[in-house]
Amino acid sequence: MFASVRSTTLLGVVGRAVDVEVHVGVGLPGFTIVGQPDEVCRESRDRVRAAFLSRGFTWPNRRITVNLAPSGERKGGAGLDLAIAIAVLIADEQLSPEAAQQCAFVAELGLDGSLRGVVGAAPLVAAVRDRRVVVAVSNVTAARAAGAHDVVAASDLAHVLACLRGTEEWLTSESPTTSSVEIPLPDLADVRGQPVARLALEIAAAGAHHLLLVGPPGAGKSMLARRLPGILPPLSDDEALSCTMVHSAAHVTMPSTGRVTHPPFRAPHHSVSMVGLIGGGTSAMRPGEISLASEGVLFLDELGEFPPSVLDALRQPIEEGVVRVSRARTTLTFPARFLLVAAANPCPCGAGTPGICVCDDSARAKYLRRFSGPLLDRFDLRVSVGLPRVDDLVDGCKGEPSSLVATRVMRARAIATQRNGGVNSKIAVDDLDTFAPLAPTARAMLRRELEVGRLSGRGLHRVRRVARTIADLQDAPEVIDETHVATALQLRTGLSTLAGAVR
Ligand SMILES: [Zn+2]
């Protein structure tokens, strides 16, 4: 008469365990789902009934009530279908309750009774990984990536029942799909010349400093940015798991292992919507590009083309490393620990080169205003990237490969973690004197910059953090001297200077 079966639902990027309770009782035949199901979830009534009939099970022509507990939270998606079907079978005494006691069920049912994979399988399964988890064949890899040890699959509802009764064997491996070939990350060896931009990239990776590249089209800004993941340290187990959960919940193509193992690289187009970039949505709340880029790189090409409102929305996630998205009564938190790299043309026509640029002064000033202000201030590193020199292109030898740069980055990160417990860009202002002490000459140099107004108070802290990273890359002399500070200042050019430099 009554049954309770374990399943799970997705809230943003986190799975929550759900107990599917079913009561089959006297009364007019009917089927009600309570406990805040969304539209897709409510429709499971029709899918479950059709699956019963097409697989030859008896549908109880009585009053069926399904409660999704805890009832205070909204349940979404079709992943509860299988659990509802199993609970109905138990409540109608077609299956013994013991058979499903140690299991959790996460699959959608087709009208023919077949099991279908669901979006967000990794976080869904993670919520019930202490049990045997029954999923569709296409979800086995994702379920294993979520850390579940006992994952089994079945082809259809009849197969699930036979396995629960012990008359058939579960499927335990995913059907061979078109295995995607691992594409190697692009290598810095392909970048010829560009010593300043290469240095900026290395510092950005070592200290997790946000980077702005300004230069004309064809200078290789995007090429440089795409090589950043290749010099970042590999993901830790926790980071890899967190990335896997977000990618699974957002239904993004995954590596064949079902697990994200490299720092992600996301490059949303400037026409991206607010929801697409930040996350949210009306039906299911999905993570946006900034969460998909978490633990990796968010690359905004043509920064000046992004709507100001979208850029404004980036400020809070950059500060806090998480993003909060709200919809009526629900607020969800998604990770957003990305390294921001942006590229911009020096002027509206993009040429920037003397004699070729056709922009007048007012057009240039208006263009610069578009991305000046608070967001610009978040970039610790702002460098100008010129067109590659002909000599470098024709007879220049290959650049230093990513593997060598990555080794230095790893070492610098290890030094920083040991000293300040994290990356240098996150050193608190109060801790700067402890972790980034200045030599008298370096102090004098910063004082001069402040006095002539080339540096603001906030800019000062950022320069000190970058100088700390530069010193760490040179095997960490304890005290920061004027050469470190000079390099840091050189890599933090004012925007008007950046645009003017190429004119
Ligand atoms: Zn121009």
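When all heavy atoms are compared, the tightest approach of Pro123 to Ser248 is CD-OG, 3.4 Å. Summarising the geometry of Ala197 relative to Val385, their closest heavy-atom pair is CB-CG2, 4.2 Å, with the distance given to 0.1 Å. When every heavy atom of Gly12 is checked against every heavy atom of Phe334, the shortest pair comes out as CA-CE2, 3.4 Å. Heavy-atom minimum distance, Ala240 versus Arg259: CB-NH2, 4.0 Å. Scanning both residues, Ser7 and Leu80, for their nearest heavy atoms gives OG-CD2, 3.4 Å. What you find for Cys359 and Cys347 is that their closest heavy atoms are SG-SG, 3.8 Å.
The aromatic rings of Phe379 and His210 sit perpendicular, their planes meeting at an angle over 60°, well past the 30° parallel limit.
With a 4.5 Å cut-off on side-chain heavy atoms, Pro268 and Leu298 count as touching. Taking 4.5 Å as the limit, every side-chain heavy atom of Leu68 sits out of range of all side-chain heavy atoms of Thr9. Annotation: side chain of Thr8 is not in contact with side chain of Val125 (no heavy-atom distance under 4.5 Å). Contact annotation: the side chain of Pro263 never approaches that of Glu295 to less than 4.5 Å [non-hydrogen atoms, C-beta and beyond]. The closest side-chain heavy-atom distance from Asn345 to Lys221 is below 4.5 Å. At a threshold of 4.5 Å between non-hydrogen side-chain atoms, the residues Arg198 and Glu400 count as touching. With contacts defined as side-chain heavy-atom distances shorter than 4.5 Å, the pair Val151/Arg129 does not qualify. Using a 4.5 Å heavy-atom threshold, the side chains of Arg468 and Ile480 count as touching.
With salt bridges taken as basic N to acidic carboxylate O contacts below 4.0 Å, none links Arg465 and Asp431. One finds a salt bridge joining Asp377 and Arg492 here, because a Lys/Arg side-chain nitrogen approaches an Asp/Glu carboxylate oxygen to under 4.0 Å.
To the nearest 0.5 angstrom, Cys41 atom SG is 9.0 Å from Arg74 atom CZ. Between the CD1 atom of Ile427 and the CG atom of Leu432 there is a distance of 6.0 Å, given to the nearest 0.5 Å. Atom CG of Leu201 sits about 7.5 Å away from atom CG of Leu213, to the nearest 0.5 Å. Of the inter-residue distances, the one linking His209 atom NE2 with Leu381 atom CG reads 6.5 Å to the nearest 0.5 angstrom. In this structure, CD in Glu482 is found 11.5 Å from CG in Leu489, a value given to the nearest 0.5 Å. A distance of 8.5 Å separates CG of Leu303 from CG of Leu376, quoted to the nearest 0.5 Å.
At a cut-off of 3.5 Å, with distance as the only test, a side-chain donor of Asn424 or Asp472 sits close to an acceptor on the other residue. There is no side-chain donor-acceptor pair under 3.5 Å between Ser236 and Asp238.
With hydrogens and angles disregarded, no donor-acceptor distance shorter than 3.5 Å links the side chain of Glu289 to the backbone of Ala267. No side-chain donor-acceptor contact under 3.5 Å links Glu305 to the backbone of Ala344. Side-chain N or O atoms of Arg411 include none that pairs as donor or acceptor with a backbone N or O of Thr407 at under 3.5 Å. With Thr333 contributing its side chain and Arg324 its backbone, the two residues share no donor-acceptor pair below 3.5 Å. A donor-acceptor contact shorter than 3.5 Å links the side chain of His484 to the backbone of Asp481. Side-chain atoms of Asn139 come within 3.5 Å of backbone atoms of Val118 as a donor-acceptor pair (strictly under, hydrogens ignored). Glu320 contributes no side-chain N or O that, together with a main-chain N or O of Ala336, makes up a donor-acceptor pair within less than 3.5 Å. Looking at Arg413, its side chain never comes within 3.5 Å of a backbone N or O of Leu232 through a donor-acceptor pair.
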Can you list the steps and then say if Leu228 with Leu339 is a side chain to side chain contact (heavy atoms under 4.5 Å, CB included)?
-> CA-CA 10 Å; Leu228 190 50; Leu339 179 51; 3.8 Å; yes
Going through the distances and angles, do Ser402 and Leu185 end up as a side chain to side chain contact (heavy atoms under 4.5 Å, CB included)?
-> CA-CA 9 Å; Ser402 291; Leu185 293 172; over 6 Å; no
Kindly determine whether Asp19 and Arg6 satisfy salt bridge (Lys or Arg N to Asp or Glu O under 4.0 Å), including the steps that lead there.
-> CA-CA 5 Å; Asp19 284 319; Arg6 180 56 66 87; 2.8 Å; yes
Using the side chain to side chain contact (heavy atoms under 4.5 Å, CB included) rule, take Leu211 and Val383 through it: C-alpha gap first, then chi angles, then the decisive distance, then the call.
-> CA-CA 8 Å; Leu211 167 66; Val383 295; 4.2 Å; yes
Can Val272 and Phe306 be said to form a side chain to side chain contact (heavy atoms under 4.5 Å, CB included), step by step?
-> CA-CA 8 Å; Val272 70; Phe306 282 81; 4.1 Å; yes
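Heavy-atom contacts from other residues, nucleotides or ligands closer than 6.0 Å to CD of Glu451 number more than 12. The neighbour count for Arg447 CZ, taken as heavy atoms of other residues, nucleotides or ligands under 6.0 Å away, does not exceed 12.
Of the residues listed (Lys426, Arg462, Arg458), the one engaging Asp380 in a salt bridge (charged side-chain N to carboxylate O under 4.0 Å, His left out) is Arg462, and it is the only one.
Scored by the side chain to side chain contact (heavy atoms under 4.5 Å, CB included) test, Met410 finds Pro233, Pro234 as partners (sequence neighbours excluded).
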